[in-house]
Amino acid sequence: GIIKDSDLMTNTKIKRSFEVWMEEEKNIPQGSNLARWELGDYFKTFAEDFNTCTMPHEKYYDYDKWEMEQYNKRKQESKQKSSALGDEFEFREEQRHQAEMKK
């Protein structure tokens with residue numbers, strides 16, 4: 001979608017993405033005391049990149065959504081690793097059991 005200047009104050013999703021963009025791309029920490037005009041200038045740059053789809057990373061379009069996707073990916077990877085370890089444990093236990101049965 002298209003964002004406009006008023007979205008900085010009215011849209012929490014846009015505000016969050018802008019804050020992360022400011023911190024990561026402009027090296028301005030959240031909560032910095034910038035003049036209103038300076039903040040407006042940064043937001044105009046952000047909005048232009050957003051509206052023309054030229055952000056340096058996809059996460060700046062919806063940071064919370066991107067963050068949740070990353071969390072789910074890590075969770076899935078963790079699940080797969082623990083499943084693989086569980087499968088190996090079961091395989092080793094089966095081998096041990098078969099070895100005991102042969103004795």
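Checked options Glu69, Lys75, Lys73; the residue passing with Tyr71 is Lys75 (criterion: side chain to side chain contact (heavy atoms under 4.5 Å, CB included)).
Residues satisfying the side-chain contact (heavy atoms from CB on, under 4.5 Å) test with Glu25, not counting sequence neighbours, are Trp21, Pro56, Tyr60. For Glu23, there are no salt bridge (Lys or Arg N to Asp or Glu O under 4.0 Å) partners two or more places apart in sequence or in a different chain.
Atom CZ of Arg16 sits about 7.0 Å away from atom CD of Glu19, to the nearest 0.5 Å. Of the inter-residue distances, the one linking Lys15 atom NZ with Asp7 atom CG reads 12.5 Å to the nearest 0.5 angstrom. Separation of atoms CD (Glu24) and NE2 (His57) is listed at 8.5 Å; rounding is to 0.5 Å. Note that the NZ atom of Lys13 and the CG atom of Asp64 stand 9.5 Å from one another [nearest 0.5 Å]. Of the inter-residue distances, the one linking Phe18 atom CZ with Gln30 atom CD reads 10.5 Å to the nearest 0.5 angstrom. For the atom pair Leu8 CG and Ser17 OG, the distance stands at 11.5 Å (nearest 0.5 Å).
At least one donor-acceptor pair under 3.5 Å links the side chain of Tyr61 to the backbone N or O of Met55. Using a distance-only test at 3.5 Å, with no hydrogens or angles considered, no donor-acceptor pair links the side chain of Ser32 to the main chain of Ile28.
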Contacts table for residues 35-51: side-chain donor-acceptor under 3.5 angstrom, sequence neighbours left out:
| unit_1 | atom_1 | unit_2 | atom_2 | d |
| --- | --- | --- | --- | --- |
| Thr45 | OG1 | Asp41 | O | 3.3 |
| Asp49 | OD1 | Thr54 | OG1 | 3.4 |
| Asn51 | OD1 | Ile3 | N | 2.7 |
| Asn51 | ND2 | Ile3 | O | 3.0 |
| Asn51 | ND2 | Ala47 | O | 3.2 |

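Leu34 and Ile14 fall within a single hydrophobic cluster, where Ile, Leu, Val, Met, Phe, Trp and Tyr side chains are chained together by heavy-atom contacts under 4.5 Å. Under the 4.5 Å side-chain heavy-atom criterion for ILVMFWY residues, a single connected hydrophobic cluster contains both Met22 and Met9.
Taking a 6.0 Å sphere around NZ of Lys59, one finds it holds more than 12 heavy atoms contributed by other residues, nucleotides or ligands.
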